[in-house]
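Written out below as C-alpha cells is the structure these notes cover.
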Amino acid sequence: QVLLVESGGELVQAGGSLRLSCAASGRTFGSYAMGWFRQNPGNEHHFVAAITPSGARTNYADSVRGRFTISRDNAKNTVYLQMNSLKPEDTAVYYCAAGRLYSINYDAYEYWGQGTQVTVSS
C-alpha cells in the first residue's frame with residue numbers, strides 16, 4: 001500500500017511558476033514509477049509527466065514539454081512537478097500516481113493521491 005499526498009497547488013498568474021510535491025508513505029517508494037496527471041471537471045485524467053523508479057528517465061505530454069519538469073527524491077519519498085511559464089489552459093486538479101510500470105497510461109498506475117488544484121489566471 002502506498003499513500004500519496006499532493007501539495008503546492010494554488011492560484012497563479014499566467015507566466016508564473018509553481019512546484020507541486022507528492023509525498024509518499026512506505027519503504028518501497030523507490031521501486032515505483034511515478035506519474036502526474038491532471039483533470040478538469042467532467043473530463044478524464046490527462047497524462048502530464050512520468051519518471052522511472054530511479055529517476056533516470058522522464059516523459060512528458062507534448063503540451064507541457066519544455067515548461068514542466070518532473071523529478072524525485074527517493075530519500076525523501078517525494079516526487080515533484082516544477083511548472084514554469086504557466087498558461088490558463090494548465091488549470092486543473094493535478095494528481096500524482098504510483099505504479100509498477102513506467103507509462104503514460106492512467107490504467108498503469110495503482111495508487112493515487114487526492115489531488116491539488118492549480119488555477120492559472122490570464
Side-chain angles (χ1 to χ4, degrees):
Q1 183 75 12
V2 178
L3 296 179
L4 303 172
V5 179
E6 303 95 336
S7 62
E10 62 181 71
L11 173 64
V12 63
Q13 287 190 333
S17 296
L18 282 177
R19 189 175 82 157
L20 305 183
S21 299
C22 174
S25 66
R27 293 175 288 180
T28 60
F29 175 76
S31 66
Y32 285 91
M34 299 297 297
W36 285 97
F37 290 75
R38 62 188 182 187
Q39 184 185 35
N40 283 313
N43 293 332
E44 61 187 17
H45 286 79
H46 292 281
F47 170 74
V48 174
I51 189 166
T52 54
S54 69
R57 294 178 61 193
T58 58
N59 195 10
Y60 298 92
D62 289 343
S63 59
V64 307
R65 187 173 288 111
R67 300 188 298 122
F68 290 12
T69 302
I70 187 172
S71 62
R72 66 190 298 161
D73 185 336
N74 286 346
K76 295 183 178 179
N77 280 16
T78 302
V79 63
Y80 305 98
L81 185 68
Q82 178 67 43
M83 305 187 295
N84 298 328
S85 302
L86 282 161
K87 304 175 181 180
E89 52 263 44
D90 294 319
T91 296
V93 178
Y94 283 72
Y95 297 87
C96 70
R100 295 294 185 184
L101 298 176
Y102 170 60
S103 174
I104 67 171
N105 294 318
Y106 173 88
D107 291 340
Y109 292 87
E110 303 166 53
Y111 303 104
W112 292 82
Q114 83 291 347
T116 186
Q117 176 71 48
V118 171
T119 303
V120 184
S121 64
S122 57

*Run the side-chain contact (heavy atoms from CB on, under 4.5 Å) check on R57 and Y102 step by step: do they pass?*
CA-CA 9 Å; R57 294 178 61 193; Y102 170 60; 3.8 Å; yes
*Roughly how far, to the nearest 0.5 Å, is the CG atom of L20 from the OH atom of Y80?*
12.0 Å
*Under the side-chain contact (heavy atoms from CB on, under 4.5 Å) criterion, do V120 and Q13 qualify, and how do the steps go?*
CA-CA 5 Å; V120 184; Q13 287 190 333; over 6 Å; no
*Side chain D73, main chain A75, donor-acceptor under 3.5 Å*: yes
_Qualifying residues under ring pair (Phe, Tyr, Trp, His ring centres under 6.0 Å), relative to F29, sequence neighbours excluded_ = none
*Heavy-atom pair of closest approach, residues V79 and S71*: CG2-O, 3.1 Å
*Just by distance, do the side chain of E6 and the backbone of G115 share a donor-acceptor pair under 3.5 Å?*
yes
*Under the side chain to side chain contact (heavy atoms under 4.5 Å, CB included) rule, collect the residues that match up with S85, sequence neighbours excluded.*
R67
*Have S54 and R72 got a donor and an acceptor in their side chains that come within less than 3.5 Å?*
no
*asked:* Applying side-chain contact (heavy atoms from CB on, under 4.5 Å) to E44 and Q39, what does each step give before you reach the verdict?
replied: CA-CA 6 Å; E44 61 187 17; Q39 184 185 35; 5.7 Å; no
*Which heavy atom of R65 sits nearest a heavy atom of N59, and at what distance?*
NH2-OD1, 3.6 Å
*Backbone N or O of T119 within a donor-acceptor pair of the T91 side chain at under 3.5 Å?*
no
*Using atom types as modelled and distance alone, determine if a side-chain donor or acceptor of T78 lies under 3.5 Å from a backbone N or O of K76.*
yes
*So, Y60 side chain and I70 main chain: donor-acceptor pair closer than 3.5 Å or not?*
yes
*asked:* Quick one about Y95 and R38 (side-chain donor to acceptor, distance below 3.5 Å, no hydrogens or angles considered), yes or no?
replied: no
*If you measure only the distance, is there a donor-acceptor pair under 3.5 Å linking the side chains of S17 and N84?*
yes
*Looking at side-chain heavy atoms only, is the closest gap between S31 and P53 below 4.5 Å?*
no
*From W36, Y94, F37, residue fulfilling ring pair (Phe, Tyr, Trp, His ring centres under 6.0 Å) relative to W112*: F37
*Given side chains that start at C-beta, do those of V64 and M83 come closer than 4.5 Å, heavy atoms only?*
no
*Gap separating the OG atom of S121 from the CG atom of L86, nearest 0.5 angstrom*: 10.0 Å
_Ring centers of Y32, Y109 separated by less than 6.0 Å_ = no
*Indicate the atoms forming the closest heavy-atom contact of F47 with I104, along with that distance.*
CB-O, 3.4 Å
*Please tell me if the side chains of V118 and E10 come closer than 4.5 Å, counting only heavy atoms from C-beta onward.*
no
_Inter-residue atom distance M34.CE - N74.CG, 0.5 Å rounding_ = 9.5 Å
_Under 3.5 Å donor-acceptor, D90 side chain and S63 backbone_ = no
*Measure from the side-chain N and O atoms of N77 to the backbone N and O of G26, and report whether any donor-acceptor pair falls under 3.5 Å.*
yes
_Minimum heavy-atom distance between G9 and T116, given as atom pair plus value_ = N-OG1, 3.1 Å
_Give me the atom names and distance for the closest heavy-atom approach of G8 to L18._
O-CD2, 3.9 Å
